[in-house]
Asks: 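This is the structure I have questions about; it appears just below.
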Amino acid sequence: MEGRLDRQFYRRDVLEVAPALLGKHLVLAGEEGQRSVYTISETEAYRGGEDRACHANKGRTARTEVMFGDGGQLYMYLIYGMYWMMNIVTAGQGIPQAVLIRGLKEAAGPGRLTRLMGVDGSYYGEDLVASRRIWIEESGLNLSYSAGPRIGIDYAGDPWKDMPWRFTINP
DNA sequence: AACACGATTTCG
DNA sequence: GAAATCGTGTTT
């Protein structure tokens, strides 16, 4: 028995998936069958080609390719030359959307949590539905949350920089 | 081939 | 307030 989230969970609009991921358990398989479990506490939605804050807005490139693929895969990218960002692709083929994991109960900040978990570019394209080293499980938690503007994307301009697409679990 | 810059974090 | 640090998209 495993409460792993299935393909259908990810094949929805990013604005549904991003808040739905709050409280879910992110599981990382370590060596010798050990598992590390983290609880997602903060997410951000990046929605398609029109969203000027979304990397896919630049078009289909080697880096953004996975976002155009099926939901449930990881979109990893390096920022500022030193921090790996972990994103989960949502929606179906041809619809470039992704959820940035911005915080875990165990670590605040998108760059800090990947460092804590030891996840990097080698996870680009990893399929959370089938992978043996990383996936997300149902937790049973259903916590209240708040929505607010996304961080660090003022360059996207109106109306994108003000869209309330950042979701955080309430304290 | 060269350049500018970023979905961040840390230190002074 | 500013540095660290490099892959990626853009321009030459």
Side-chain angles (χ1 to χ4, degrees), chain A residues 5 9-24 26 28 36 38-92 94-128 134-136 145-171:
Chain A
L5 300 180
F9 177 89
Y10 302 105
R11 268 184 193 153
R12 295 178 288 160
D13 189 276
V14 70
L15 294 180
E16 275 186 66
V17 181
L21 282 170
L22 295 173
K24 293 290 188 291
L26 180 54
L28 193 64
S36 297
Y38 306 89
T39 303
I40 298 172
S41 63
E42 183 173 356
T43 61
E44 250 176 24
Y46 287 88
R47 194 167 187 267
E50 317 103 50
D51 178 4
R52 287 177 53 199
C54 182
H55 291 166
N57 170 70
K58 298 285 186 181
R60 198 164 182 155
T61 67
R63 182 175 68 149
T64 64
E65 182 62 27
V66 71
M67 269 199 281
F68 289 82
D70 206 355
Q73 305 179 83
L74 287 186
Y75 164 44
M76 302 295 302
Y77 72 90
L78 186 66
I79 189 69
Y80 299 119
M82 56 187 104
Y83 300 111
W84 286 102
M85 301 287 104
M86 182 168 69
N87 302 257
I88 297 166
V89 175
T90 68
I95 302 175
Q97 304 184 340
V99 177
L100 168 66
I101 303 304
R102 185 169 263 295
L104 302 175
K105 283 190 171 175
E106 296 78 8
R112 299 166 103 184
L113 69 91
T114 52
R115 192 179 55 185
L116 172 73
M117 297 178 69
V119 174
D120 59 19
S122 70
Y123 282 78
Y124 181 95
E126 195 81 3
D127 185 2
L128 297 176
I134 189 169
W135 62 89
I136 298 177
Y145 65 89
S146 301
R150 296 173 290 179
I151 304 298
I153 53 135
D154 283 355
Y155 66 84
D158 293 316
W160 313 107
K161 69 180 181 65
D162 297 318
M163 299 305 262
W165 291 351
R166 170 170 168 254
F167 307 93
T168 60
I169 288 179
N170 289 334

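Quick note on labels: first sequence line is chain A, next is B, and so on, each numbered from 1. None of the values given here were measured: they were computed from a predicted structure.
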Asks: What's the spacing between A:Ser146 OG and A:Asn170 CG if we round to 0.5 Å?
Replies: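 Answer for the OG-CG pair, A:Ser146 versus A:Asn170, is 3.5 Å.
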Asks: Taking all non-hydrogen atoms of both residues, which atom of A:Gly71 and which atom of A:Tyr10 are closest, and how far apart?
Replies: C-CB, 3.7 Å
Asks: Mind checking which nucleotides bracket the chain A contacts on DNA chain B, 5' to 3', with an atom under 4.0 Å from a heavy atom?
Replies: B:dG6 to B:dT10
Asks: Can you name the salt bridge (charged side-chain N to carboxylate O under 4.0 Å, His left out) partners of A:Asp13, sequence neighbours left out?
Replies: A:Arg47
Asks: Once each nucleotide of nucleotides 4-12 of chain C is scored for protein heavy atoms under 4.0 Å, what B/S/- sequence comes out, 5' to 3'?
Replies: BBBSSSS--
Asks: Let me confirm one number: the CD1-CD distance from A:Ile101 to A:Glu42, rounded to the nearest 0.5 Å.
Replies: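 It comes to 10.0 Å.
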Asks: How would DNA chain C look in dot-bracket form, 5' to 3', counting Watson-Crick and G-U wobble pairs with both distances under 3.5 Å and writing | for bases paired to another strand?
Replies: ||||.||||||.
Asks: Can you list everything that forms a side-chain hydrogen bond (donor to acceptor under 3.5 Å, both in side chains) with A:Thr64? Sequence neighbours excluded, please.
Replies: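 side-chain hydrogen bond (donor to acceptor under 3.5 Å, both in side chains) list for A:Thr64, sorted by chain: A:Thr61.
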Asks: For C:dA2 versus B:dC5, give the span between their C1' atoms, rounded off to a whole number of Å.
Replies: 16 Å
Asks: For C:dA3 versus B:dA4, give the span between their P atoms, rounded off to a whole number of Å.
Replies: 16 Å
Asks: About how many Å separate CG of A:Leu5 and CD1 of A:Ile88, when rounded to the nearest 0.5 Å?
Replies: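 Result: 9.0 Å between the selected atoms.
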Asks: Under 4.0 Å, counting only non-hydrogen atoms across every strand here, what does A:Arg115 touch: a base, just sugar-phosphate, or nothing?
Replies: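 If one applies the 4.0 Å heavy-atom cut-off, A:Arg115 turns out to touch the sugar-phosphate alone, with no base involved.
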Asks: Got a salt bridge between A:Glu44 and A:Arg102, using NZ or NE/NH1/NH2 to carboxylate O under 4.0 Å?
Replies: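 Between A:Arg102 and A:Glu44 there is a salt bridge, with a charged N closer than 4.0 Å to a carboxylate O.
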Asks: Would the distance check show the side chain of A:Tyr46 and the main-chain N or O of A:Ala56 forming a donor-acceptor pair, the cut-off being under 3.5 Å?
Replies: no
Asks: For A:Ile153 and for A:Arg112, locate the closest nucleotide of DNA chain B by heavy-atom distance; then report the residue assigned to the nucleotide nearer the 5' terminus.
Replies: A:Ile153
Asks: Let me confirm one number: the CD1-CD distance from A:Ile134 to A:Glu126, rounded to the nearest 0.5 Å.
Replies: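 Separation between the atoms: 7.5 Å.
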Asks: Check side-chain hydrogen bond (donor to acceptor under 3.5 Å, both in side chains) between A:Arg112 and all other residues, then give those that pass, not counting sequence neighbours.
Replies: none
